[in-house]
Each structure stands twice: as structure tokens, then as C-alpha cells.
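Positions are given from 1 along the sequence. Note that the structure is a prediction, hence the values are computed from the model and not measured. Basis for what follows: all heavy atoms, side chains included, without hydrogens, waters or symmetry-related copies.
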Amino acid sequence: MELATSRLAIVTGANKGIGYAIVKALCERFDGDVYLTARDVGRGEAAVGRLNELGLKPKFHQLDVTDTGSVSAFAAFVAHSYAGIDVLVNNAAIAFKSDATEPFGEQAEETLRVNYFALRSVCDALFPLLVPGARVVNLSSSTGRLSLIPGEELKRTLSSPLLTIDQLDALMRQFVEKAKGGDHEQSGWPSFSYCVSKVGVSALTFIQQRAFDEGPRTDIVINSVHPGHVTTDMISHNGITFTIEQGAEVPVYLSLLPAGEQNVKGRYVWSDKTIRNWCEC
């Protein structure tokens with residue numbers, strides 16, 4: 001099979017919300033194929049249809065980030081169809097509502113499963129397919145700040161420049177176990193599983209960039225981003241002023257950073273494009 005010559009951008013969890021707006025903006029600004037991926041085929045294809053009505057031509061592929069078979073199948077499709085990935089935006093995530101009735105331990109387990117561990121598995125599958133100069137954007141949050149972790153020892157560990165992915169995985173699992181046992185606060189964790197998941201995403205970003213910088217692929221750029229407080233289903237459209245288009249602005253900016261970028265690299269970027277000190281902000 002002959003590989004497509006087009007450049008390739010991929011957005012996960014993109015049938016609605018910020019992900020949908022990122023696909024829309026990339027279709028307008030990225031010179032190549034843009035894949036809108038979603039867990040549900042019907043919703044994904046409907047989203048592509050809405051963009052087609054605007055004169056945009058995204059492509060669709062099913063991708064359930066929590067399903068290893070789906071992730072493997074998508075990686076195989078990309079490997080057999082394209083020379084590699086130029087842009088990867090890890091957007092897929094969940095958040096329990098404030099009035100959710102599920103026990104906190106259950107909320108913690110599911111939130112970390114989707115927002116952290118699934119994102120990491122997507123990276124594991126797709127990073128070998130990144131082309132030289134590729135851009136990766138991990139959607140974090142304003143709650144993905146280290147300062148929101150109460151425990152001082154946890155903060156020291158999470159901010160260590162020697163932290164490994166295996167160690168970070170263990171910390172994320174520890175939070176889930178403590179949440180199930182009801183003693184997470186005594187161990188220095190907050191009672192906010194979405195926060196912990198996004199702190200994990202932010203910390204993972206730093207480790208991923210360090211790994212590329214210490215190897216032969218120093219041209220790869222990975223950043224995490226707080227896209228702004230955006231009116232989406234995730235937060236029940238509750239008192240938020242950013243539109244999804246505004247929320248897409250900085251992720252798209254990071255997706256299209258110019259060749260040779262050295263400053264905005266392995267950073268925690270705020271919704272106004274400023275680089276924030278993750279440990280202090």
C-alpha cells in the first residue's frame with residue numbers, strides 16, 4: 001500500500017467541545033489531513049458532517065482511547081497509511097459532575113483511567129510514528145497545577161526532574177487506592193480526582209519532553225495546556241465565558257509552533273499563551 005504524502009494531524013475525543021473546535025481550526029490552518037477521532041462512530045461522523053457543511057474536510061477514524069484494541073488498530077492504520085504524525089492533540093477526557101452519586105473512589109478510578117492512563121497509552125502507541133519536528137499537545141487544565149496538591153512530599157516527588165513515567169504511574173495508582181480507602185487526604189491528595197488526573201498529565205508532559213531531549217529526537221516538541229474555562233458539556237455550560245473556539249486557540253497555536261522552537265517546549269502553557277511555573281502558579 002502506498003503511503004499518503006499528506007502531513008497528518010490527529011485530535012482525540014473530538015466529536016464535540018474543545019476537541020471539535022481544534023479540528024475545525026486545524027482544518028483551516030494546517031496543511032495536511034486532519035483526523036477527527038471519537039469513541040462513537042455515529043457521533044464522530046456527524047461531527048465531520050457538520051464541518052463539511054462549513055466547507056471543511058476533516059477525516060474520521062474511530063478511536064476509543066480507553067480500549068487497547070482500538071488504540072492498536074488506529075496506530076496500525078496510521079502506520080500503513082501515512083509517513084507519520086505531524087501533530088497529535090491529546091484532548092479526550094472526562095469529568096464527573098458536582099452532583100455525581102458515584103463513590104469518590106469509583107470516580108477517582110474512572111477519571112484516572114481515562115484522563116491519565118488512556119492518554120499515556122495513546123502516546124505509547126503513537127509516539128513511534130511521530131515525524132521529525134512533530135508537535136504534541138496534552139490538554140491539561142487550570143486544575144493541573146502542582147500547587148493544588150496539598151502534600152508537600154507529593155509535590156516534591158511530582159516536581160523532581162528525575163521523576164520517571166513508572167514512578168508517576170505508581171503515584172496515580174496510589175491516589176486511586178487511597179481514594180477507595182477514604183484516606184487520600186491524610187496522604188496529601190486533594191478530594192478532586194479531575195485535578196489529580198490533570199496534574200498527572202502535566203507531569204507526564206515534562207517527562208516525555210525530557211526523554212526526547214535526552215535522545216536523538218530533540219526536534220519533537222511536547223507541551224501541556226490550560227485551554228481556558230470553556231463552556232462545554234464537561235462542566236455543564238456553567239457560568240463560563242470562553243467559547244470552544246476560544247478554548248481551541250492555544251492548543252492550535254502549540255500544534256503549529258514553527259520549526260526550531262526551543263522556548264515553548266516541555267512547558268505548562270496558560271490560556272493566554274504565557275508559560276507558567278507549574279510548581280508555583
*Are more than 12 heavy atoms from other residues, nucleotides or ligands located less than 6.0 Å from atom NZ of Lys155?*
yes
Report yes or no: do [X] and [Y] belong to one cluster of Ile/Leu/Val/Met/Phe/Trp/Tyr joined by side chain heavy-atom distances under 4.5 Å?
| X | Y | value |
| --- | --- | --- |
| Leu139 | Leu36 | yes |
| Ile18 | Val48 | yes |
| Ile94 | Met172 | no |
| Ile222 | Val201 | no |
| Val225 | Tyr268 | no |

*Full working for side-chain contact (heavy atoms from CB on, under 4.5 Å) between Glu185 and Ser191*: CA-CA 7 Å; Glu185 290 186 346; Ser191 291; 2.5 Å; yes
_Step-by-step side-chain hydrogen bond (donor to acceptor under 3.5 Å, both in side chains) determination, Ser224 to Asn138_ = CA-CA 5 Å; Ser224 66; Asn138 293 331; over 6 Å; no
If we ignore hydrogens and angles and just use 3.5 Å, is the side chain of [X] paired with the main-chain N or O of [Y] as donor and acceptor?
| X | Y | result |
| --- | --- | --- |
| Arg217 | Gly215 | no |
| Gln107 | Phe96 | no |
| Ser202 | Gly144 | yes |
| Arg135 | Val252 | no |
| Asp40 | Gly44 | no |
| Glu45 | Gly42 | no |
| Asp86 | Ala134 | no |
| Gln246 | Thr243 | yes |
| Asn115 | Ala93 | no |

_Using a strict threshold of under 4.0 Å (side-chain N to carboxylate O), is an ion pair present between Glu153 and Arg156?_
yes
_Does this structure show an ion pair linking Lys24 with Glu28, if we count only N-O contacts that are shorter than 4.0 Å?_
yes
*From CA spacing to verdict: ring pair (Phe, Tyr, Trp, His ring centres under 6.0 Å), Tyr35, Phe77*: CA-CA 12 Å; Tyr35 270 82; Phe77 163 77; 5.7 Å; yes
_Contacts of Asp31 that satisfy side chain to side chain donor-acceptor pair (under 3.5 Å) - sequence neighbours left out_ = none
*Listed partners of Tyr116 passing side chain to side chain donor-acceptor pair (under 3.5 Å), at least two apart*: Asp169
*Please lay out, stage by stage, how Phe212 and Thr218 fare under the test side-chain contact (heavy atoms from CB on, under 4.5 Å).*
CA-CA 5 Å; Phe212 279 116; Thr218 59; over 6 Å; no
*Distance only, no hydrogens: is a donor on one side chain within 3.5 Å (strictly under) of an acceptor on the other, for Ser197 and Thr111?*
no
*Among side-chain atoms of Thr274 and Asp272, is any donor-acceptor pair under 3.5 angstrom?*
yes
*asked:* A cation-pi test, strictly: NZ or CZ of Arg50 under 6.0 Å from the centre of the six-membered ring of Tyr20 and no more than 45 degrees from its axis. Yes or no?
replied: yes
To the nearest 0.5 Å, how far apart are [atom1] in [X] and [atom2] in [Y]?
| X | Y | atom1 | atom2 | value |
| --- | --- | --- | --- | --- |
| Arg43 | Phe60 | CZ | CZ | 11.5 Å |
| Leu254 | Ile22 | CG | CD1 | 9.5 Å |
| Ser142 | His226 | OG | NE2 | 4.5 Å |
| Asp64 | Thr66 | CG | OG1 | 3.5 Å |
| Thr143 | Arg145 | OG1 | CZ | 8.0 Å |
| Thr12 | Arg39 | OG1 | CZ | 12.0 Å |

Report yes if some heavy atom in the side chain of [X] is under 4.5 Å from a heavy atom in the side chain of [Y]; otherwise report no.
| X | Y | value |
| --- | --- | --- |
| Ser6 | Asp33 | yes |
| Gln208 | Phe127 | yes |
| Asn90 | Cys123 | yes |
| Val264 | Val221 | no |
| Ile85 | Leu126 | yes |
| Trp270 | Val250 | no |
| Pro251 | Asn91 | no |
| Ile10 | Thr37 | yes |

*Between His229 and Phe242, is the ring centre distance below 6.0 Å?*
no
*Compute the ring centroids of His184 and Phe104, then answer whether they are less than 6.0 Å apart.*
yes
Grab the two heavy atoms, one from [X] and one from [Y], that are nearest each other, plus how far apart they are.
| X | Y | result |
| --- | --- | --- |
| Pro190 | Cys195 | CG-SG, 4.2 Å |
| Ser193 | Ala108 | CB-CA, 3.6 Å |
| Tyr194 | Ser141 | CE2-OG, 3.7 Å |
| Ile165 | Arg120 | CG2-CD, 3.5 Å |
| Val87 | Ser255 | CG2-O, 3.4 Å |
| Pro58 | Asn52 | CD-ND2, 3.9 Å |

_Working note: Val269 + Arg276, criterion side-chain contact (heavy atoms from CB on, under 4.5 Å); need CA distance, chi angles, decisive distance, verdict._
CA-CA 6 Å; Val269 184; Arg276 298 295 179 97; over 6 Å; no
*Apply side-chain hydrogen bond (donor to acceptor under 3.5 Å, both in side chains) to the pair Ser70 and Gln62, showing each step before the final yes or no.*
CA-CA 8 Å; Ser70 175; Gln62 192 274 343; 2.9 Å; yes
_Test log, rule side-chain contact (heavy atoms from CB on, under 4.5 Å), inputs Lys273 and Glu249_ = CA-CA 9 Å; Lys273 298 184 183 178; Glu249 286 181 9; 5.6 Å; no
